[in-house]
Amino acid sequence: MTKQKIIVVGAVAGGATSASQIRRLDPESDITVYEKDRHMSFANCGLPYYLGNVVASREQLLPMTPEKFKDKKNITVKLQHEVIAVDTEQQIVKVKDHTTDTIIEDHYDILVLSPGARARRLNFDVPHLFTLRNMEDTDAIENYITTHNVQRVLLIGAGYVSLELLENMYERGLSPTLVHRSEAINKLMDQDMNKAILSELDARNIPYRLNEEVTAIDGHTVTFKSGTVEDYDMIISGVGVQPNSEFLQSSGITMDDKGYIPVNERFQTNIPNVYAVGDIATNHYRHVDLPAHVPLAWGAHRGASVVAEQIAGNPDVVFEGFVGANIVKFFDYTLASTGVALTDLENFDYAMVEVENGTHAGYYPNNTSVHLRAYYDKQTRRLLRAAAVGQSGVDKRIDVLSMAMMHRATIDDLTAFEVAYAPPYSHPKDLINMLGYKARP
Ligand SMILES: Cc1cc2nc3c(=O)[nH]c(=O)nc-3n(C[C@H](O)[C@H](O)[C@H](O)COP(=O)(O)OP(=O)(O)OC[C@H]3O[C@@H](n4cnc5c(N)ncnc54)[C@H](O)[C@@H]3O)c2cc1C
């Protein structure tokens with residue numbers, strides 16, 4: 001293997017994992033990772049749980065430093081180094097070193113892009129309005145809570161990060177309120193199944209208002225579209241993300257109208273020697289012939305692994321596509337889905353089948369109900385999507401159905417799924433089997 005200069009942009013899920021996987025297969029190459037922020041390889045997904053004091057220490061979220069990466073893997077990570085432009089003809093990146101306020105240039109043979117996305121910000125200029133995407137945001141939120149005697153917290157937006165934050169703020173002993181601009185909360189889920197979220201809020205007397213928007217913030221006083229005026233100690237908004245791809249604008253790398261980068265099954269962009277992984281990349285579904293954008297951690301890690309194989313000269317290791325699996329915990333409930341997005345179903349002549357039953361044998365203690373549904377194509381009978389909500393056993397059903405979709409299973413194949421059964425776990429005829437039986441013509 002010839003020694004190559006590999007540059008990676010972004011040092012968190014997709015970037016640090018790509019660098020590490022490349023080194024695993026290629027001991028020789030010179031690998032440099034540029035990261036614009038102050039931290040590398042932090043556990044994004046753990047941030048809400050750290051703020052809820054579920055994760056005991058900050059260090060648990062930050063397992064890696066540039067020094068450790070250098071020692072263990074001989075990879076150079078430069079923090080506070082922002083790539084500001086890429087010249088894909090000369091194969092050069094232009095980097096702003098924020099520690100010295102200087103600009104440097106660095107040549108690459110191979111470029112791996114994993115710059116992710118950032119939280120959209122609301123247009124209010126007050127010091128107690130936060131978003132949550134990285135360690136700096138987390139530290140700022142934690143610091144504000146502890147130094148300002150925060151009690152009342154307003155959460156704007158009802159995506160999965162806001163929901164996780166709300167739960168963690170509540171468990172920490174604060175008083176959260178949720179507002180969301182429409183009725184469509186937790187958009188990855190079937191909306192009727194999100195009733196569990198509202199009932200969990202009601203059960204704890206946590207105030208929430210849908211079809212509600214913030215129109216003005218004056219000091220700690222917040223005015224809403226409905227005319228309601230309330231005081232909050234702190235506001236955290238979770239109103240979507242935008243891709244960190246402005247620095248690629250003159251690079252010739254193809255982006256879609258939102259700024260995401262379409263890649264092929266090798267994570268190659270349209271430019272030779274330039275790969276893109278993680279949230280920035282759009283790809284395709286595995287079980288149906290449709291484009292997919294699944295900005296979640298699994299895709300970043302899988303992409304990193306495939307890119308490393310490509311760079312190591314193993315072109316046969318390709319990405320077969322997403323099935324779109326996702327899951328969120330909300331107090332006592334778990335909500336999960338897999339398969340195409342709800343909006344993609346319109347591409348199919350589909351049917352839906354559902355069951356609601358105890359997660360395990362009714363006579364065994366602590367049984368709770370699982371609501372499980374699957375969508376399938378009426379002609380091919382292939383599974384398209386599944387969703388589940390309940391207090392336990394949801395993750396298992398959705399993971400099994402993800403695997404089924406991965407193998408392009410039909411709804412009828414579910415009758416033949418052989419479940420590992422004993423009374424504490426399932427039924428001799430599991431909910432997954434029941435979906436198949438119910439869909440019999
Ligand atoms: C609070 C929170 C909770 C989450 N929970 C889950 C979960 O439970 N399950 C799940 O699957 N996913 C979850 N995610 C999503 C998951 O973290 C992302 O899908 C994943 O981190 C994407 O990896 P990435 O490498 O594309 O982007 P990131 O991990 O965001 O890393 C991108 C890095 O690139 C850096 N960067 C950007 N532009 C430049 C530049 N020009 N130069 C240098 N560096 C740059 C950024 O500073 C950033 O550090 C969560 C995300 C958040 C924020």
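Counting starts at 1 for both ligands and their atoms, in listed order. Bear in mind that the values here come from a model prediction, so they are computed numbers and not experimental data.
- Between R133, R38, K36, K329, it is K36 that holds the heavy atom closest to atom 45 (C) of ligand 1.
- With no hydrogens or angles considered, a side-chain donor-acceptor pair links Q151 and S175 at under 3.5 Å.
- Using a 4.0 Å cutoff on heavy atoms, H81 counts as a contact of ligand 1.
- Residues F331 and Y170 bring their aromatic ring centres within 6.0 Å.
- Side-chain contact of R397 with T359: a donor-acceptor pair under 3.5 Å is present, judged by distance alone.
- Taking only nitrogen or oxygen atoms, main chain and side chain alike, W298 does not reach within less than 3.5 Å of ligand 1.
- Here the CD-CD1 distance, from E309 to I22, works out to 11.0 Å after rounding to the nearest 0.5 Å.
- For ligand 1, the atoms closer than 4.0 angstrom to any heavy atom of P295 are 19 (O).
- Ring geometry for Y34 against H81 counts as parallel: the plane angle stays under 30°, on a 0 to 90° scale with 60° as the upper cut.
- Between Y144 and H148, the angle of the ring planes stays under 30°, which puts this pair in the parallel group of the 30/60° scheme.
- The closest approach between V9 and ligand 1 falls below 4.0 Å for a heavy atom of the residue.
- Using a 4.0 Å cut-off between heavy atoms, S114 contacts ligand 1 through both its backbone and its side chain.
- Only the backbone of Y34 comes within 4.0 Å of ligand 1, counting heavy atoms alone; no side-chain atom from C-beta on gets that close.
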